[in-house]
Every structure is written in C-alpha cells, then in structure tokens.
Amino acid sequence: MTGAPRTVLVHPDATVLAEATAARLITRLVDLQSAAAPVHVVLTGGTVGIRTLAAVAASPARAAVDWSGVHLWWGDERFLPDGDPDRNETQAREALLDALGDALPAANVHPMRPLDEAAGIATPEDSAAAYAAELAVFAPEGSDVPAFDVLMLGMGPDGHVASLFPGHEGVGVTGVPTVGVHGSPKPPPLRVSLTFEAIRVAREVWVVAAGAEKAGPVASALSDAPVDVTPAAGARGTEATLWLVDAAAVAEVGAA
C-alpha cells in the first residue's frame with residue numbers, strides 16, 4: 001500500500017478523543033495558515049466526528065483560525081433532501097458551522113448536493129457528478145481534486161470509511177473522484193462518497209475511531225487486511241496517516 005505510514009495515537013475514551021482531535025485540528029489549521037492559503041479540510045460524520053466539530057465550536061482557540069481561508073468538504077454524504085437530520089452536512093452545521101457564522105464564508109462550504117429532483121439531482125450519481133465538478137474547480141493542474149490538507153474519516157464497526165463498504169463495488173472504483181452508492185448496508189441505502197483515489201491525494205488522513213465495537217476492524221486495518229474486506233486499511237495520506245483512537249478501539253491490536 002502506497003502512502004505515508006500509520007501513526008496510532010491512543011486516547012483514554014471517546015470524550016477525550018473528540019476533544020484532543022478538535023485541539024489537533026485547530027492547531028494544524030493555524031500552522032498551515034502560517035505558511036500558505038487557502039486550506040482545504042474534509043469533514044466526516046459519525047458520533048465522534050460530530051463530537052469533534054462540537055468541541056472545535058466550544059474551544060476559545062477556534063478564534064486563532066482565519067476561517068475565511070478554510071474550505072470545508074465532505075468525504076461522504078447520505079443522499080437525502082436538504083436539511084434532513086441524517087445528513088452529515090446538517091449535523092456539521094449544527095455542531096460547528098452555524099457557530100462560526102460570518103467568519104466562515106458560505107462560498108467556502110462545499111456540501112455534496114442533496115436529493116432535489118427539481119434541480120436535476122435525482123440520483124446519487126447526479127450528486128457525485130456535481131461534486132466531482134466542484135472539486136475540479138479547486139484542483140491544481142493535473143489533478144481532479146484539491147490537495148486536501150487534512151481529510152478526516154470515521155470508521156464503522158464493519159471497517160468502512162466514507163461510504164466505501166466491505167465487498168461493495170465503490171471500494172474498487174477508479175478514474176473518478178466520487179461515486180454514487182446504492183444498497184448501503186447501513187441506512188440510508190443511497191449515498192455519495194469520495195473514492196479511494198480522491199482520499200489518497202490528501203496530505204494528511206486522520207482516521208478517528210472509538211468504542212469496543214471498532215476493535216476488530218481497527219486491528220484488521222492496522223494489520224493491512226485487504227481493502228475489500230476492511231476498507232479502512234486503504235486510507236492513507238501522502239505525508240501523514242494518523243489513527244486517532246480510544247483505548248477500547250485498540251483492544252484487539254496485536255492479539256494472537
């Protein structure tokens with residue numbers, strides 16, 4: 001597997017993990033902005049992902065970030081109407097984006113298009129194509145996606161990341177940065193996701209996982225299981241790959 005080697009950082013529990021990841025994200029954004037702009041960050045949903053965003057919102061240090069120079073993207077989305085409470089975008093707005101207010105320009109927020117037949121977004125493939133086009137606008141020459149500075153991923157109990165599920169055809173899709181997903185084993189069945197080709201362009205990939213139910217797939221991913229068995233094994237950044245986990249999630253790592 002190409003990409004940066006993994007660094008595993010273990011936290012006592014999910015609460016500390018979310019707060020530490022939030023502090024790490026704020027610090028990384030400040031560091032990046034001291035050298036270049038704009039900064040491109042990919043957000044994730046899930047319990048710990050949203051708790052991390054809420055912890056960013058609650059941190060006084062968030063004011064050290066120039067949010068006008070930050071572009072926010074998503075690694076995947078549930079293909080549902082705008083404002084649906086199950087959409088990652090909806091949850092992220094409630095946890096962080098609304099709190100940032102005018103500090104974060106609306107044009108810097110890049111959600112995946114929701115189900116909207118009147119606007120021509122009737123299928124996950126429609127949304128995926130629209131997102132690919134938007135990604136291309138911010139991509140450097142020779143690429144079809146931005147060089148994401150930080151790309152955050154949650155991981156499911158089945159080892160999926162983004163909406164790339166074990167045994168699903170989306171895991172092996174190449175040549176495009178986004179894919180429509182049908183028949184997701186985790187509701188809702190229709191989703192949109194970045195492909196692994198897009199994920200692996202990121203400078204830093206952070207996989208954030210907590211809980212005993214994640215212990216098996218964490219151990220599988222860290223032992224380089226096949227990607228079609230444990231998709232999280234395929235998540236790598238070009239410069240850094242961080243696994244930010246709690247103690248329960250690594251309970252089976254190294255087990256015989």
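This is a predicted model, so every value here is computed, not measured. Residue indices begin at 1 and follow the sequence shown.
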Check P140 against V145 and note the closest heavy-atom contact, atom names and distance. CD-O, 3.4 Å

pair R6-V207: side-chain heavy atoms closer than 4.5 Å: no

Find the distance between CG (D116) and CG (L80) and round it off to the nearest 0.5 Å. 13.0 Å

Restricting to pairs with a member in residues 163-181, which pass side chain to side chain donor-acceptor pair (under 3.5 Å), not counting sequence neighbours? D76-S163, S163-R191

Which pair of heavy atoms, one from A4 and one from R236, lies closest together, and at what distance? O-NH1, 3.0 Å

Could you tell me whether the side chain of R78 reaches within less than 4.5 Å of the side chain of D84, counting heavy atoms only? no

L135-V109 co-clustered via ILVMFWY side chain contacts under 4.5 Å: yes

With the side chain counted from C-beta on, respond yes when I121 and F79 share a heavy-atom pair under 4.5 Å apart, and no when they do not. yes

Roughly how far apart are L25 CG and R28 CZ, rounded to 0.5 Å? 10.5 Å

With heavy-atom distances below 4.5 Å as the criterion, would you say the side chains of L29 and W67 are in contact? yes

Picking from L97, V65, D98, what satisfies side chain to side chain contact (heavy atoms under 4.5 Å, CB included) with L104? L97

Rounded to the nearest 0.5 Å, what separation is found between the CG atom of D149 and the CD atom of E239? 8.5 Å

How long is the gap from CG on D66 to CG on L32, to the nearest 0.5 Å? 12.5 Å

On the 0 to 90° scale, with breaks at 30° and 60°, tag the H110-H71 ring pair as parallel, tilted or perpendicular. parallel

Y131-W74 aromatic ring centre distance below 6.0 Å: no

Take K214 and V245, measure what side chain to side chain contact (heavy atoms under 4.5 Å, CB included) needs, and give me the verdict at the end. CA-CA 10 Å; K214 309 290 179 69; V245 297; over 6 Å; no

For the residue pair S220 and T230, what are the closest heavy atoms and their distance? OG-OG1, 2.6 Å

Does any non-hydrogen side-chain atom of V208 lie less than 4.5 Å from one of T44? no

Do the side-chain N and O atoms of D31 and S34 include a donor-acceptor pair separated by under 3.5 angstrom? no

Check whether any side-chain heavy atom of L100 sits under 4.5 Å from a side-chain heavy atom of R62, and report yes or no. yes

Given the rule in the side chain to side chain contact (heavy atoms under 4.5 Å, CB included) test, do R51 and T15 qualify, once you have shown the distances and angles that lead to the verdict? CA-CA 8 Å; R51 286 174 70 177; T15 298; 2.7 Å; yes

For residues A232 and M155, report the shortest heavy-atom separation together with the two atoms involved. CB-SD, 3.7 Å

Does any non-hydrogen side-chain atom of V70 lie less than 4.5 Å from one of Q33? yes

Side chain to side chain contact (heavy atoms under 4.5 Å, CB included) assessment of D82 paired with E89: CA-CA 9 Å; D82 186 37; E89 177 200 356; 4.1 Å; yes

According to a 4.5 Å side-chain heavy-atom criterion applied to Ile, Leu, Val, Met, Phe, Trp and Tyr, with indirect links allowed, do V201 and F138 form part of one hydrophobic cluster? yes

Nearest heavy-atom approach of R87 to P111 is NH2-CB, 4.4 Å

Output for pair (T47 OG1, Q91 CD), nearest 0.5 Å, gives 8.5 Å

Within a strict 4.5 Å, meaning less than it, do heavy atoms of the L151 and L194 side chains meet? yes

Looking at every non-hydrogen atom in both residues, tell me the closest pair between L17 and A209 and how far apart they are. CD2-O, 3.5 Å

May I have the step-by-step check of side chain to side chain contact (heavy atoms under 4.5 Å, CB included) for K186 and D158, ending in yes or no? CA-CA 10 Å; K186 180 180 179 181; D158 59 355; 6.0 Å; no

